[in-house]
Visitor: 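One structure follows; several queries about it will come next.
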Amino acid sequence: MAEEAKAKGNAAFSSGDFTTAITHFTEAITLAPTNHVLFSNRSAAHASLHQYAEALSDAKETIKIKPYWPKGYSRLGAAYLGLNQFELAVTAYKKGLDIDPTNEALKAGLVDAEESVSRSRAAPNPFGDAFQGPEMWTKLTSDPSTRGFLQQPDFVNMMQEIQRNPSSLNLYLKDQRVMQSLGVLLNVKFRPPPQGGDEAEVPESDMAETSREEPVVEKKREPEPEPEPEVTEEKEKKERKEKAKKEKELGNAAYKKKDFEIAIQHYSTAIEIDDEDISYLTNRAAVYLEMGKYNECIEDCDKAVERGRELRSDYKMVARALTRKGTALTKMAKCSKDYEPAIEAFQKALTEHRNPDTLKRLNEAERAKKEWEQKEYFDPKLGDEEREKGNELFKEQKYPDAIKHYTEAIKRNPEDPKAYSNRAACYTKLGAMPEGLKDANKCIELDPTFSKGYSRKAAVQFFLKEYDDAMETYQEGLKHDPTNQELLDGVRRCVQQINKANRGDLTPEELKERQAKGMQDPEIQNILTDPVMRQVLSDLQENPSAAQKHMQNPMVMNKIQKLISAGIVQMK
């Protein structure tokens, strides 16, 4: 894991093993190539080994990933200082302070950089060139007489100071290590000082004279660059989040005022400061949606979903982004008539979080798609042709094939009651009574005066032995077409069956079936559980005189008639 490799790198850095630290930071970067802190830490490790070119490359990558992170500019400035590019170092530190004016590390770095610029403009030391560039460290490392000095922090600090300001060489000439290093760099062998304590000669120069006049200069030791401490990271992260949150609040306020351009500016700034909160993206997407910039809205929603899954954000936030995308796609579909992408976005949102609002929007999109398809498919002329094909097949008793053509006729013209009536007849012939009843009801709904609808419905009810209901349906049809022979014949058949039940002429099997069916009727169940009706039924069996009084009540008689029709009560 990247975090584990990072922790190992920090530990190695703290112990001074910079090479191992670089190895671990490199491993972490391979696992998490967009983590700016890893590049920052590796830049610090390179700088500690005086590998300033590599330190500069990592510092630039840090800033590329996180442009508004002050520490990145601190790393950049340190790398430029190491490469003696002092003016570029000044620029780097100033850019960092533009982002965080209170950053003490950047302030201190800027002071050092500006002092280095001033010193570099002073008269150069005649031996200054010997100390320039990374070649100095290579020479000192290669020579056995100076290699050990590089393990001594005070010596390294002196050499770094001389690199930055060659004129400061005069300050350190009394240090034999510096003299030894100067000899290695100039390829000149200096004699060691005599044992008696006399001062050593300095050949081919008047350096001894100069050294007597050395000014008193306060030396400022540059602190070694360090990887970003966890505590500092947390503090900076918290500050960034607070700053981003303020931008979001300003964006929210502008959105409420419908100052959409201002709102977008604030949300965009929040996104740049903190890319670990996808609400800034979804908020900006909402503004784009209000402005009618649907493509921009969709782009932000896609970014929010992708980033949210990387960060394992709250599934509700991801669902919100997908819902907002679906809404934008729905708006676009009003012109394109392509509702499928919107439906897909809403469905994905519901897999993240089943939100009632998302479900409502999905249903609306599906309904709009269906309405558009029906509108595009609507063709009454083709509908009539399909219905006629169905009629021919019906006459040939090819009912399943006839249903296919009637169904196509309904698709072509959903307002045609004849197609529903004919399909109901097919369903009845095939014994699909619920489907037949549904089509018959739809037929009556479309045209309440169309007698065929009533005859189709009543035929289903009669087949189901619901004779009372069938009688009512036939009678309702006769109100619109009093002379319709099919309806009149239906009434006659219902009367015969009802009278047969009333006389008790049913076979035991018919009676049992009728009673079982009647007991499933909620109305029959209510009658049988009514205390008054239970008393009436008791009187019918045990107290005929009391029963006669009950019969004079029309409501009671109506209920008794229903029980008789259902086969529950038999009158002899």
Side-chain angles (χ1 to χ4, degrees), residues 1-3 32-37 65-69 233-234 236-260 262-333 340-366:
M1 296 292 289
E3 286 299 322
T34 60
N35 189 324
H36 59 286
V37 174
I65 296 172
K66 203 76 170 176
Y68 291 89
W69 194 47
E233 283 181 23
E234 289 300 321
E236 290 184 353
K237 183 177 181 180
K238 183 177 180 181
E239 290 174 352
R240 289 198 312 274
K241 286 191 173 295
E242 287 298 324
K243 191 174 181 181
K245 188 182 292 184
K246 289 180 181 178
E247 291 292 338
K248 176 184 177 181
E249 291 171 355
L250 292 172
N252 292 347
Y255 177 81
K256 290 177 182 177
K257 295 178 183 178
K258 297 192 179 299
D259 292 337
F260 298 135
I262 300 299
I264 285 175
Q265 290 177 15
H266 287 299
Y267 290 139
S268 298
T269 302
I271 292 166
E272 291 173 352
I273 295 172
D274 179 13
D275 66 347
E276 295 183 356
D277 188 337
I278 65 172
S279 70
Y280 306 146
L281 280 166
T282 57
N283 283 17
R284 189 170 70 177
V287 181
Y288 283 134
L289 184 63
E290 287 288 336
M291 298 174 72
K293 295 184 176 182
Y294 303 128
N295 288 323
E296 291 85 344
C297 172
I298 292 168
E299 184 179 352
D300 269 0
C301 290
D302 286 338
K303 288 179 182 177
V305 172
E306 181 181 359
R307 187 63 176 142
R309 286 185 174 141
E310 287 177 3
L311 298 169
R312 297 183 181 179
S313 301
D314 186 348
Y315 55 85
K316 292 181 181 179
M317 293 295 297
V318 174
R320 182 181 301 172
L322 287 166
T323 299
R324 198 149 288 166
K325 176 183 178 179
T327 303
L329 288 168
T330 302
K331 299 280 187 182
M332 296 173 72
E340 202 56 46
I343 290 171
E344 183 181 355
F346 289 134
Q347 289 172 338
K348 287 182 178 179
L350 288 170
T351 61
E352 297 287 341
H353 174 56
R354 196 161 185 83
N355 182 281
D357 179 63
T358 304
L359 184 60
K360 178 183 175 183
R361 292 173 188 268
L362 172 62
N363 292 336
E364 289 173 351
E366 290 177 335

Visitor: If I compare all heavy atoms of Tyr280 with all of Tyr267, which pair ends up nearest, and what's the gap?
Guide: O-CB, 4.1 Å

Visitor: Which of these passes salt bridge (charged side-chain N to carboxylate O under 4.0 Å, His left out) with Asp357: Arg354, Lys360, Arg361?
Guide: Arg361

Visitor: Give me the atom names and distance for the closest heavy-atom approach of Ala254 to Ala263.
Guide: CB-N, 3.7 Å

Visitor: What's the verdict on side chain to side chain contact (heavy atoms under 4.5 Å, CB included) for Asn295 and Met332, showing C-alpha distance, side-chain angles and the deciding distance?
Guide: CA-CA 9 Å; Asn295 288 323; Met332 296 173 72; 3.5 Å; yes

Visitor: Any salt bridge (charged side-chain N to carboxylate O under 4.0 Å, His left out) pairs touching residues 248-257, not counting sequence neighbours?
Guide: none

Visitor: Can you tell me which residue among Glu247, Lys241, Glu242 is in a side-chain contact (heavy atoms from CB on, under 4.5 Å) with Asp274?
Guide: Lys241

Visitor: A side-chain contact here means heavy atoms from C-beta on lying under 4.5 Å apart; do Asn363 and Glu366 qualify?
Guide: yes

Visitor: Report the C-alpha separation of Val37 and Trp69 in whole Å, then their side-chain angles, then the decisive distance to 0.1 Å, and conclude whether the side chain to side chain contact (heavy atoms under 4.5 Å, CB included) test is met.
Guide: CA-CA 10 Å; Val37 174; Trp69 194 47; 4.1 Å; yes

Visitor: Where do Ile278 and Gly308 come nearest, in terms of heavy atoms and distance?
Guide: CG2-N, 3.8 Å

Visitor: State, to 0.1 Å, how close Glu352 and Tyr315 come at their nearest heavy-atom pair, and which atoms those are.
Guide: O-CD1, 3.1 Å

Visitor: For Arg307, check salt bridge (Lys or Arg N to Asp or Glu O under 4.0 Å) against everything at least two apart and list the hits.
Guide: Asp275, Glu310

Visitor: Salt-bridge test for Arg240 and Glu276: reply yes if a basic N is under 4.0 Å from a carboxylate O, no otherwise.
Guide: no

Visitor: Just to verify, what does Asp300 make a side-chain contact (heavy atoms from CB on, under 4.5 Å) with, not counting sequence neighbours?
Guide: Leu281, Arg284, Ala285, Tyr288, Lys303

Visitor: What closest approach, in Å, do Pro33 and Ile65 show between heavy atoms, and which atom pair accounts for it?
Guide: O-CD1, 3.8 Å

Visitor: For a quick test of reading the model, state the closest non-hydrogen atom pair linking Phe346 to Thr327 and the distance between them.
Guide: CZ-N, 3.5 Å

Visitor: Within this structure, what is the OH-NZ distance for the pair Tyr68 and Lys243, rounded to the nearest 0.5 Å?
Guide: 9.0 Å

Visitor: Once side-chain contact (heavy atoms from CB on, under 4.5 Å) is applied, do any residues pair with Glu239, and if so which ones, sequence neighbours excluded?
Guide: Lys235

Visitor: Testing Asn355, Thr358, Thr282 one by one against Thr323 for a side-chain hydrogen bond (donor to acceptor under 3.5 Å, both in side chains), which residue passes?
Guide: Thr358

Visitor: If you look only at pairs with a residue in residues 311-333, which of them pass as a salt bridge (charged side-chain N to carboxylate O under 4.0 Å, His left out), with sequence neighbours excluded?
Guide: Asp302-Lys325

Visitor: Can you list everything that forms a salt bridge (Lys or Arg N to Asp or Glu O under 4.0 Å) with Glu296? Sequence neighbours excluded, please.
Guide: none

Visitor: CG/Leu329 to CD1/Ile298 distance, rounded to the nearest 0.5 angstrom?
Guide: 4.0 Å

Visitor: Starting at CG of Leu362, measure out to CD of Glu344 and round the result to the nearest 0.5 Å.
Guide: 11.5 Å

